[in-house]
2 protein chains.
Amino acid sequence: MTHPPFAVTVDLVVLTVREDALHALVVKRGEAPYRGRWALPGGFVQIDEDLDAAAARELQEETGLSRDDVHVEQLATYGAPRRDPRMRVVTVAYLALAPDLPSPTAGTDAADARWRSVADLLDSGRSLAFDHAEILRAGVERARSKLEYTPLAAAFCPAAFTITELRRVYQVVWGATLDPRNFHRKVTGADGFLIPTAATTTRDGGRPAMLYRCGPVTLLSPPLMRPAGQS
Amino acid sequence: MTHPPFAVTVDLVVLTVREDALHALVVKRGEAPYRGRWALPGGFVQIDEDLDAAAARELQEETGLSRDDVHVEQLATYGAPRRDPRMRVVTVAYLALAPDLPSPTAGTDAADARWRSVADLLDSGRSLAFDHAEILRAGVERARSKLEYTPLAAAFCPAAFTITELRRVYQVVWGATLDPRNFHRKVTGADGFLIPTAATTTRDGGRPAMLYRCGPVTLLSPPLMRPAGQS
DNA sequence: GCAAAAGTGTTCTTCGTACACCCATGG
DNA sequence: CCATGGGTGTACGAAGAACACTTTTGC
């Protein structure tokens with residue numbers, strides 16, 4: 001047996017911040033195995049399709065979001081021999097970070113796709129199908145560490161956002177509270193992270209806040225450090 | 001076409017530090033395609049085998065090293081439709097960090113396996129088979145960043161090593177020069193990184209140096225920072 | 001005016017860096 | 001006794017943490 005046949009799928013950990021909690025996109029399975037259980041969105045890679053393209057296609061089908069709207073990156077690959085009881089399936093997991101969407105699952109294939117809080121989903125008991133709980137955990141951990149040394153927190157925000165909105169992302173993802181004043185100084189001082197716009201907004205209340213767009217850098221140096229010893 | 005058949009392989013980026021340069025293990029291909037070219041060691045995942053197990057098996061076959069001797073972690077997965085001209089192959093790349101070995105390829109299957117300097121291998125011109133240059137680059141980049149926030153540099157050292165030997169690893173992998181005195185203070189001060197042993201050695205010349213073993217921590221906080229703007 | 005959030009200044013402490021200095025060996 | 005590397009002390013400056021304070025809106 002030189003090269004046994006495998007099925008290859010992509011699964012997506014799509015994260016967003018809403019209602020002061022981290023949420024992930026899940027779909028209700030319509031068929032066996034795990035029928036009726038929640039699972040990460042995903043599907044088979046087509047025979048002439050690159051892995052990244054398959055992930056982008058699934059994301060488009062499930063959420064209507066295009067690759068340009070959200071950050072997508074490869075997460076890890078899972079291939080335990082019996083992770084799918086039907087056959088040998090290797091799945092390439094992707095992590096996507098999306099802003100909070102007005103109509104989160106509009107125009108999608110999956111009838112029963114919805115946002116659910118990560119805390120709920122990882123609560124042992126009501127577990128996800130397959131090894132998806134493990135994949136979700138890996139995605140959340142990746143997101144947490146990426147906020148430290150990349151400007152990816154902005155991927156959770158609308159195109160123009162305030163410093164406070166950005167800080168809320170950090171607080172929700174890290175489960176920490178950050179000093180608004182030091183945070184403001186730090187991120188506005190980070191070269192290339194934020195581009196100021198002319199506009200301001202009062203949507204957070206109080207004095208009008210400057211709106212920023214995401215800058216061109218992909219790496220923050222020095223990184224923002226998350227306070228030690230939080231969830 | 002619901003689940004087209006794929007072949008799944010593992011490929012290994014095995015890195016070591018020798019002669020003051022970063023080296024990777026490569027094998028000469030004995031068959032088409034890319035016959036006679038250098039490639040990363042690897043092979044097909046068997047039908048009942050987990051991905052990590054396949055990587056460990058290939059490592060064992062190619063180097064005689066067991067999982068206990070070296071650090072092995074999943075790197076990334078590559079599956080461009082025509083990356084192998086014979087068929088659709090998805091490869092899960094693994095990164096392994098090994099100490100400098102007395103007889104690097106003793107007791108191996110691959111007749112023509114050897115260490116070659118990463119600088120040579122990535123020199124455009126004499127390129128590796130398939131997309132292995134890209135995979136090697138990803139492995140080296142992963143190793144570089146992992147040295148910052150994990151104690152993995154010790155994986156390049158023998159079981160008992162001196163601070164200077166550890167510093168040489170950092171210098172070679174980062175392509176930077178580090179102040180011996182500040183480095184000494186920093187790593188000996190990092191809680192759980194190094195466990196002092198009773199023994200000393202003069203193998204580096206000069207005054208006898210304390211020998212250390214690797215400690216239990218998996219994450220360094222605060223991280224060691226690599227000097228900005230090096231190769 | 002008052003509450004609430006934006007944004008700036010200031011102080012204190014911690015940590016990285018640079019570098020002087022002494023120690024312990026081999027030759 | 002000298003070269004070589006091991007290891008410690010110290011001084012300076014940059015950066016983080018804590019928090020007082022002024023600014024600008026909505027109500």
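Residue numbering restarts at 1 for every chain, and letters A, B, ... go by the order of the sequence lines. No experiment lies behind these values; they were computed from the predicted model shown.
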Between [X] ([atom1]) and [N] ([atom2]), how many Å, whole number?
| X | N | atom1 | atom2 | value |
| --- | --- | --- | --- | --- |
| B:Phe183 | D:dG5 | CZ | C1' | 15 Å |
| A:Leu224 | D:dA15 | CG | C1' | 13 Å |
| B:Leu178 | C:dG16 | CG | P | 13 Å |
| B:Leu211 | C:dA24 | CG | P | 17 Å |

Among all residues two or more places apart in sequence or in another chain, which pass the side-chain contact (heavy atoms from CB on, under 4.5 Å) test with B:Pro222?
none

Pairing residues for B:Arg67 by the side-chain contact (heavy atoms from CB on, under 4.5 Å) criterion, not counting sequence neighbours
B:Asp52, B:Ala56

Of B:Asp179 and B:Pro223, the one whose closest DNA chain C nucleotide lies more 5':
B:Pro223

Taking only residues two or more places apart in sequence or in another chain, which ones pass side chain to side chain donor-acceptor pair (under 3.5 Å) with A:Arg83?
A:Asp131

With B:His184, which residues qualify under side chain to side chain donor-acceptor pair (under 3.5 Å), at least two apart?
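Partners of B:His184 under the side chain to side chain donor-acceptor pair (under 3.5 Å) test: none.
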
Among residues two or more places apart or on two chains, list those pairs meeting side-chain hydrogen bond (donor to acceptor under 3.5 Å, both in side chains) that have a residue in residues 185-198 of chain A.
A:Asn182-A:Arg185

Heavy atoms only: give me the nearest A:Gln171-A:Leu178 pair and the separation to one decimal.
OE1-N, 2.8 Å

Nucleotide-resolved protein contact map, nucleotides 2-12 of chain C, B/S/- at heavy-atom distance under 4.0 Å:
--BBBBBBB--

